[in-house]
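Sequence positions, counted from 1, serve as the residue numbers for this chain.
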Amino acid sequence: MEKERQIIHMDQDAFFVSVEIRKNPKLLGKPVIIGGGGDRGVVASCSYEARKYGIHSAMPGRTAKLLCPQAIFLRGDMEEYSQASHEITEIIADKVPLFEKASIDEHYIDMTGMDRFFGCMKFASELRKTIIKEMRLPISFGLSINKTVAKIATNESKPAGERQVTYPELRPFLDPLAIHKIPGIGHATYKKLSEMGVRQILTLTQIPQQLMFKILGQHGLSLWQKANGIDLAPVVPYRERKSIGTQATFESDTMDMAKLKSIITGMVTGLTFQLRNQKKLTACITVTVRYTNFETVTQQERIPYTSLDSFLISKAHSLFEKVYTKRMLLRLVGVKLSHLVSGYEQMGLYHIAEEEYSLYQAMDKVRNSYGAEAVVKACIVTQPPRDEKGKIIKYDPRKKKMLIENAAEEEQEIRKHSKIRSFMSEKGTVGTKSYD
C-alpha cells in the first residue's frame, strides 16, 4: 500500500552557489547570482540572500541587477558543478538499495521495507550529515509516503533542513499550503487556478475531478491527485551508463574532413533533439571511428550536464580530431551521448542567451510537427534538388508530410488489392487497366 512506502527526497541547497561558496568562503551570507551576466544573460541560480529581493532562476540578468544592485554575479563553472554532483551520487549509491537521480542536484531514495531494520528518518538524517561532512555542501531532505509529498516536504524544510510527513500527517501538512508548492504547477496553470479562486491545496482537493479534467485535461487530474497526496510513481533505478547514440557506415571509404565533420554535426543535432524531447541532459560524449582496415578507435570526455547543440558539436569535433590520428580512409564514424539524467538546460552558464535557447525550442517544435529533417544546419545540407529547367525546388515540409501520408495510404491500398495482383499478367495489366 502507498501509505507504507518510505520515500526520501534529497535536494542540495542553492547547489551552484554552494559550490562557489565552498571555493570562496567570503561569499557566505552575500547575495550571489550564477549567470545573468551581460545584457542578455539569464540567472541560472542564486543564493537565498539574493532570493529575498525577488530574484529567481530563469530571470533576465538585467532585472536581477535592478532588484539587487549589490549582488555578486559569477559566470559559473558547470564542469565543477557536474563533478560535485557525481561525487554526491557516489556517496548515495554506496549507502542505499534503490535511488533515482532526478536532476543534477536532487535524488529520490526508496527505503520501503528497510524501516524494520532501522528508522528511515534516522538513516536519512545520518546520510545527510555524511554528505555535508564529505562534500562540505548544504543539503535538505523530506521523507514521506511518495515522491510528491517528499519533494514538497524538502522544499518546506529548506535551507539546511529535514522533515518527515507520515500518512496521518498528510492532510494537516498539505491543506494550508499554496497551490504553487505542488510540483508541476507552472506560472500559466497557477494563474488560471488563481482566477478561479483556487489558491490553497485544500481548495484544490474540493474541486470535482471531472471539472479539473475539463479545465486542464489529463494534467488537471494529475494535479488533483498530487493535491490529495496521491502519487504512485516509482523510484526509477539510476543507471549511470544509460546512453543514446548513432553511427554511419559509408558506401565508399573516405577521408574528406569537411564531409566527416558535417556528418558528425548532423549526428549531434539529431541526438540533442532527442535529449530535449526526453527532457534529458548528458554528461559524457564519445566519438568512434573505424578505419578501412576495420581498426576501431574511440575517444570520450566527461562534460558538464548539457543538451546544447553548439557546445556538444564543438566537443564532438574536438574529439574527432583527437581520435582520427592515422591518414587512412574511414569506413565508419559514430557519436554517443551517455551518463544521462533528467533535467533542463541551465541558461546563462555558457553565455547562452535566452533568445538562443528559445531558438532551439522553436526548432524542436518544427521538427516535432514536420519531421526531424525539417530544420537542419546549413553545413549538413546536400545540394538542393532542381527541376527540369535547373531551378531549385524549394523544400516544403508540409508537402513532404503529405507525401509520407499518401505513401502510407497507397501501401494500405496495395495490401488490400493483393488478391487482384495475384491474377495479374507478367506485365501487370488486367484488361485495359494498368497496375504498373
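Here the closest heavy-atom approach between residue Ile139 and residue Arg128 is recorded as O-NE, 2.6 Å. Ser45 and Phe16 get closest at one heavy-atom pair: CB-CD1, 3.8 Å. Between His317 and Lys261 the shortest heavy-atom distance is NE2-O, 3.2 Å. For the residue pair Leu340 and Leu275, the shortest heavy atom distance occurs at CD2-CD2, 3.9 Å. Closest non-hydrogen pair, Val32 versus Ala50, comes out as O-CB, 4.0 Å. When all heavy atoms of Val17 and Ser47 are compared, the pair lying nearest together is CG2-N, 3.6 Å.
Side-chain atoms of Thr148 and Asn146 form no donor-acceptor pair, as typed in the model, at a separation below 3.5 Å. A donor atom on one side chain and an acceptor atom on the other are not found under 3.5 Å apart for Asp256 and Thr254. Residues Asp309 and Thr269 have side chains that never bring a donor and an acceptor to within less than 3.5 angstrom of each other. A donor and an acceptor atom, one from each side chain of Ser85 and Lys101, are located under 3.5 Å apart. Thr166 and Glu169 share a side-chain donor-acceptor pair at under 3.5 Å. With no hydrogens or angles considered, no side-chain donor-acceptor pair links Ser157 and Glu162 at under 3.5 Å. His107 and Thr89 share a donor-acceptor pair across their side chains, judged by distance under 3.5 Å alone.
Listed by chain and residue number, Glu100 satisfy the side-chain hydrogen bond (donor to acceptor under 3.5 Å, both in side chains) test with Lys147 (two or more places apart in sequence, or in another chain). Listed by chain and residue number, Glu20, Glu80 satisfy the salt bridge (Lys or Arg N to Asp or Glu O under 4.0 Å) test with Lys23 (two or more places apart in sequence, or in another chain).
Taking the side chain as every heavy atom from C-beta outward, Asp110 and Phe99 never approach each other to under 4.5 Å. For the pair Val289/Thr296, no side-chain contact is recorded, criterion being any heavy-atom separation below 4.5 Å from C-beta on. Two residues are said to be in side-chain contact when any heavy atoms from C-beta on lie closer than 4.5 Å; Phe15 and Glu106 fail this criterion. Side-chain contact between Tyr167 and Glu4 is absent, with no heavy-atom pair separated by less than 4.5 Å. Side-chain atoms of Glu126 and Lys95, non-hydrogen and from C-beta on, never get closer than 4.5 Å to each other. With a 4.5 Å cut-off on side-chain heavy atoms, Ile33 and Ile55 count as touching. Under the 4.5 Å side-chain criterion, counting only non-hydrogen atoms from C-beta, Thr288 is not in contact with Val333. Considering only heavy atoms from C-beta on, Thr282 comes within 4.5 Å of Leu312 through its side chain.
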Run the numbers on Ile109 and Leu98 for side-chain contact (heavy atoms from CB on, under 4.5 Å), then give the verdict.
CA-CA 6 Å; Ile109 303 169; Leu98 175 62; over 6 Å; no
Evaluate ring-ring contact (aromatic ring centres under 6.0 Å, His included) for Tyr305 paired with His86, printing each intermediate quantity in order.
CA-CA 11 Å; Tyr305 284 111; His86 291 312; 5.6 Å; yes
Verdict with supporting geometry, Leu281 and Ile104, side-chain contact (heavy atoms from CB on, under 4.5 Å)
CA-CA 9 Å; Leu281 301 172; Ile104 189 173; 5.8 Å; no
Applying side-chain contact (heavy atoms from CB on, under 4.5 Å), run through Ile7 and Ile145 and close with a yes or a no.
CA-CA 6 Å; Ile7 308 298; Ile145 62 171; over 6 Å; no
Could you go step by step and tell me if Arg302 and His339 meet the side-chain contact (heavy atoms from CB on, under 4.5 Å) rule?
CA-CA 9 Å; Arg302 292 294 287 266; His339 298 45; 3.3 Å; yes
Let me see the working for Lys315 and Glu301 under salt bridge (charged side-chain N to carboxylate O under 4.0 Å, His left out), right down to the final yes or no.
CA-CA 8 Å; Lys315 284 293 180 184; Glu301 182 179 340; 2.9 Å; yes
Set out, in order, the CA-CA distance, both residues' side-chain angles and the distance that settles side-chain hydrogen bond (donor to acceptor under 3.5 Å, both in side chains) for Gln70 and Tyr53, then state yes or no.
CA-CA 11 Å; Gln70 70 272 30; Tyr53 293 88; 2.9 Å; yes
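Here Arg163 does not pair with Glu156 in a salt bridge; the nearest charged N to carboxylate O distance is not below 4.0 Å. Between Lys226 and Asp231 there is no salt bridge, since no side-chain N of the basic residue sits under 4.0 Å from a carboxylate O of the acidic one. Taking 4.0 Å as the cut-off between side-chain N and carboxylate O, Asp253 and Arg290 do not count as a salt-bridged pair.
When atom types are taken as modelled, the side chain of Ser338 and the backbone of Ser243 share no donor-acceptor pair closer than 3.5 angstrom. With Ser18 contributing its side chain and Leu137 its backbone, the two residues share no donor-acceptor pair below 3.5 Å. In this structure, the side chain of Lys52 does not engage the main chain of Pro31 through any donor-acceptor pair within 3.5 Å. Distance alone, capped at 3.5 Å, places no donor-acceptor pair between the Ser222 side chain and the Gln218 backbone. With hydrogens and angles disregarded, no donor-acceptor distance shorter than 3.5 Å links the side chain of Asn228 to the backbone of Ile230. Listed for the Arg331 side chain is no donor-acceptor partner under 3.5 Å among the backbone atoms of Ser252. Listed for the Asp13 side chain is a donor-acceptor partner under 3.5 Å among the backbone atoms of Ala160. Under a 3.5 Å cut-off, the side chain of Thr298 and the backbone N or O of Val287 do not form any donor-acceptor pair. Under a 3.5 Å cut-off, the side chain of Ser314 and the backbone N or O of Ser310 do not form any donor-acceptor pair. Trp224 places no side-chain N or O within donor-acceptor distance of the main-chain N or O of Met212, the cut-off being under 3.5 Å.
One finds the CD1 atom of Ile91 at 10.0 Å from the CE atom of Met10 (value rounded to the nearest 0.5 Å). If you take CE on Met111 and CD1 on Ile8, they are separated by 5.5 Å, rounding to the nearest 0.5 Å. Residue Leu74 holds its CG atom at 4.5 Å from CD1 of Ile34, rounded to the nearest 0.5 Å. Taking CG from Leu329 and OH from Tyr291, the interatomic distance works out to 11.0 Å, rounded to the nearest 0.5 Å. Separating the CD1 atom in Ile152 from the OG atom in Ser144 is a distance of 9.0 Å, to the nearest 0.5 Å. Rounding to the nearest 0.5 Å places CD of Gln210 at 11.0 Å from NZ of Lys214.
Ring pair His180/Tyr190 is perpendicular by interplanar angle, where above 60° counts as perpendicular and below 30° as parallel.
Considering Arg327, Met328, Lys326 as possible partners of Met255, the one that fulfils the side-chain contact (heavy atoms from CB on, under 4.5 Å) test is Arg327.
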